[in-house]
Amino acid sequence: MADVDDTSLDRNSVDRTSLERGHEVADVPPLKLFVAGLLALASVGLILLLVWGMTSLFVGMTDRPPVASIAHTPIEPPPPRLQGSPARDLQAFRAAEGKELHTLGWVDRGAGLARIPIEDAMAGPLCTSPSQPV
């Protein structure tokens, strides 16, 4: 530890063990603290001024017209296009499903598996035989 000059300190106000352990014996100078506070406030003020200026600059940029007419034209994805008309495809899909739901037909004729209209299926319980309900 550095040697402390005893002549610069008031011996009545400072304990010798505090000096030997390296404790601070003086307060922060008020002028330096005040200057640091002013610098911090000036920095915050400068940052707020910069943010305000940038905000007003960007808000002004949104009022300008678009740069090119491409902004108004729809952009199509590159080929291959998987669906030419999704609405028509969905309508055809639902019509095919509806046909399967409302008609009789074979699912697997070899296995003896058939489908019946959904209205008939919902009308009542089906049985394979009177003793075995499904």
Side-chain angles (χ1 to χ4, degrees):
M1 284 197 215
D3 292 326
V4 178
D5 184 17
D6 290 336
T7 59
S8 65
L9 298 174
D10 183 14
R11 292 184 181 193
N12 296 333
S13 65
V14 178
D15 185 18
R16 182 76 180 154
T17 57
S18 296
L19 291 174
E20 290 172 357
R21 291 182 181 163
H23 294 168
E24 291 185 22
V25 293
D27 292 332
V28 177
L31 182 61
K32 288 184 180 180
L33 188 62
F34 182 72
V35 169
L38 282 179
L39 286 174
L41 282 174
S43 299
V44 168
L46 181 64
I47 290 170
L48 287 174
L49 188 64
L50 286 172
V51 168
W52 175 78
M54 289 175 61
T55 304
S56 63
L57 175 72
F58 291 140
V59 167
M61 291 175 83
T62 59
D63 297 337
R64 297 180 187 162
V67 177
S69 64
I70 195 167
H72 297 291
T73 58
I75 299 174
E76 292 186 12
R81 290 184 181 73
L82 302 178
Q83 278 187 308
S85 175
R88 190 175 56 227
D89 293 345
L90 180 62
Q91 187 179 13
F93 174 73
R94 288 189 175 163
E97 278 186 334
K99 181 182 175 198
E100 285 190 13
L101 286 173
H102 300 290
T103 59
L104 288 170
W106 288 104
V107 175
D108 186 1
R109 185 172 228 159
L113 190 60
R115 68 172 183 269
I116 61 170
I118 193 164
E119 295 85 13
D120 295 343
M122 293 174 61
L126 296 176
C127 302
T128 55
S129 69
S131 61
Q132 291 183 334
V134 175

To the nearest 0.5 Å, what is the distance between CZ on F34 and CG on L39? 10.5 Å
Can you sort out the partners of L113 under side-chain contact (heavy atoms from CB on, under 4.5 Å), two or more places apart, ordered by chain and number? V107, D108
R115 and T103: CA distance, side-chain angles, deciding distance, side chain to side chain contact (heavy atoms under 4.5 Å, CB included) verdict: CA-CA 8 Å; R115 68 172 183 269; T103 59; 3.8 Å; yes
Which atom names give the shortest non-hydrogen contact between I116 and L104, and what distance separates them? CA-CD2, 3.7 Å
Working to the nearest 0.5 angstrom, can you tell me the gap between E97 CD and H102 NE2? 10.0 Å
Option from L48, L46, I47 for which side chain to side chain contact (heavy atoms under 4.5 Å, CB included) with V44 holds: L48
